[in-house]
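To start, the structure under review is shown below, and the notes come after it.
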Protein chains: 2
Amino acid sequence: MSTRKFCLAILSSADATGYEIRKTAQMGHFSHFIEASYGSIYPSLAKMEQEGLVTWREETSSGKPSRKIYSITQVGREAFVKELSETALDDLFRSPFLLLALYCRWVGSEFLSNEIDRRVAHLELKISGMKHQLELSSDPAASWTLEYGISTLSASLEYLKTNRSKLEQIADERVPQTQAAE
Amino acid sequence: MSTRKFCLAILSSADATGYEIRKTAQMGHFSHFIEASYGSIYPSLAKMEQEGLVTWREETSSGKPSRKIYSITQVGREAFVKELSETALDDLFRSPFLLLALYCRWVGSEFLSNEIDRRVAHLELKISGMKHQLELSSDPAASWTLEYGISTLSASLEYLKTNRSKLEQIADERVPQTQAAE
DNA sequence: GCTCACATGTAATAAGTTACATGATTTC
DNA sequence: GAAATCATGTAACTTATTACATGTGAGC
């Protein structure tokens, strides 16, 4: 249901093709808290067309592959607002990294350090990307959401940088796998 | 694969029943970044038993319903460590709330305010629950992870409290649904 | 000539959710 | 006597992931 909602969200601002919707999911200011791939977007759009939430027109420029440009209908807008207000609003957060942190003794500190390095780099990249988007943003709501993301990711990064050594020390007392069997 | 990994994680520390594993998922120090329901735990355990990652014994006390107590095998331990180190470590974060924030003009500021109130209360409850767990925690790695969670959730809460009025102002300029159709 | 970006889609599979089905024991 | 907790599981359904399949045009 989330891909659906996301497609309607995009289309509520402007017409778009499936390809463009996916690009927005990957690079837009949504990318922090939404994910959608072709395999979920195209079927979603097809289904919503059947239900009358969206329509499409074909655009054929000479040579270029033809595009299906989707538009949201009034019914679609109503469905979007309804979903916005009726869907559960709790965040979904899953972190394989925190599970690794919790069991870091099993993998040892070298491996852990490496993963932390990667995570730090990843977070820094993400934050700087969002800051860049913030500069370009003209929509105040988008700016607000971006800042929300930036401040939580920054807190996460900060904690990680400040406290990594503590965890690395814990991981130093590695549990050998042979001992593990008792 | 994540329910699987989570079950192995629990069992790597102590034997447990499916029921207990689910309780841990709901209330333990995992609850912040993991979710698992009966519908995913029981099938997972059954499958892992077939693959030799876990075994179980039955415990029948007079009267009480019989319990299937699962134990991890050496093969299971190895599989766990392997999954810990080989699985993707990126967080999964989905936020229907941030989508609502982004389109708050469509729902208006009254509705938004209400949702923010609920979210603030929810975050405060979650944070205080985690602080309580932190006090009880004797495992340094669990404490580290809990503090990680507390600091990011606190940043999130802080941002929300400080900047909610900004968003509420944006939502004040509500887009009427009739106008929406253009 | 190669690779990247544009462009649409399907099929097989994986994974998890929700509700259902059942039943005992304990606590208020 | 009712409700909560303990306890196991299944079945139908929803949803998304991954890989496959296909093809054009532009720039290097």
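Please read these numbers as outputs of a predicted model, since none were measured by experiment. Just so it is clear: chains get the letters A, B, ... in the order the sequence lines come, proteins before strands, and each one is counted from 1.
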For the pair A:Arg119 and B:Asp91, find out whether any cationic side-chain nitrogen is under 4.0 Å from an anionic carboxylate oxygen. yes
Within residues 32-50 of chain B, find the residues that approach DNA chain D with a heavy atom at under 4.0 Å, and present them sorted by residue number. B:Tyr38, B:Gly39, B:Tyr42
Is there any protein nitrogen or oxygen under 3.5 Å from a nitrogen or oxygen in nucleotides 3-5 of chain D, and what are the pairs?
none

For the ring pair B:Tyr159 and A:Trp144, is the centre-to-centre distance below 6.0 Å? yes
For the pair B:Phe93 and A:Phe93, name the ring-plane relationship: parallel under 30°, tilted 30 to 60°, perpendicular over 60°. perpendicular
At their closest point, which heavy atom of A:Thr24 faces which heavy atom of A:Glu20, and how far apart are they? OG1-O, 2.7 Å
Should we count CD of A:Glu51 as having more than 12 external heavy atoms under 6.0 Å? yes
Length of the OH-P vector between A:Tyr70 and C:dA7, whole Å: 14 Å
Can you tell whether the side chains of A:Asp90 and B:Arg118 come within less than 4.0 Å, N to carboxylate O? no
Starting the side chain at C-beta, find the nucleotide from C:dT8, D:dA7, C:dC6 nearest to A:Lys23. C:dC6
A:Arg22 atom CZ is separated from C:dT10 atom P, nearest whole Å, by 17 Å
Side-chain N or O of A:Ser2 less than 4.0 angstrom from OP1 or OP2 on D:dT15? no
Phosphate OP1/OP2 of C:dC6: any A:Thr17 side-chain N/O under 4.0 Å: no
Measure across A:Val54 and A:Leu45 and return the closest heavy-atom pair with its distance rounded to 0.1 Å. CG2-O, 3.8 Å
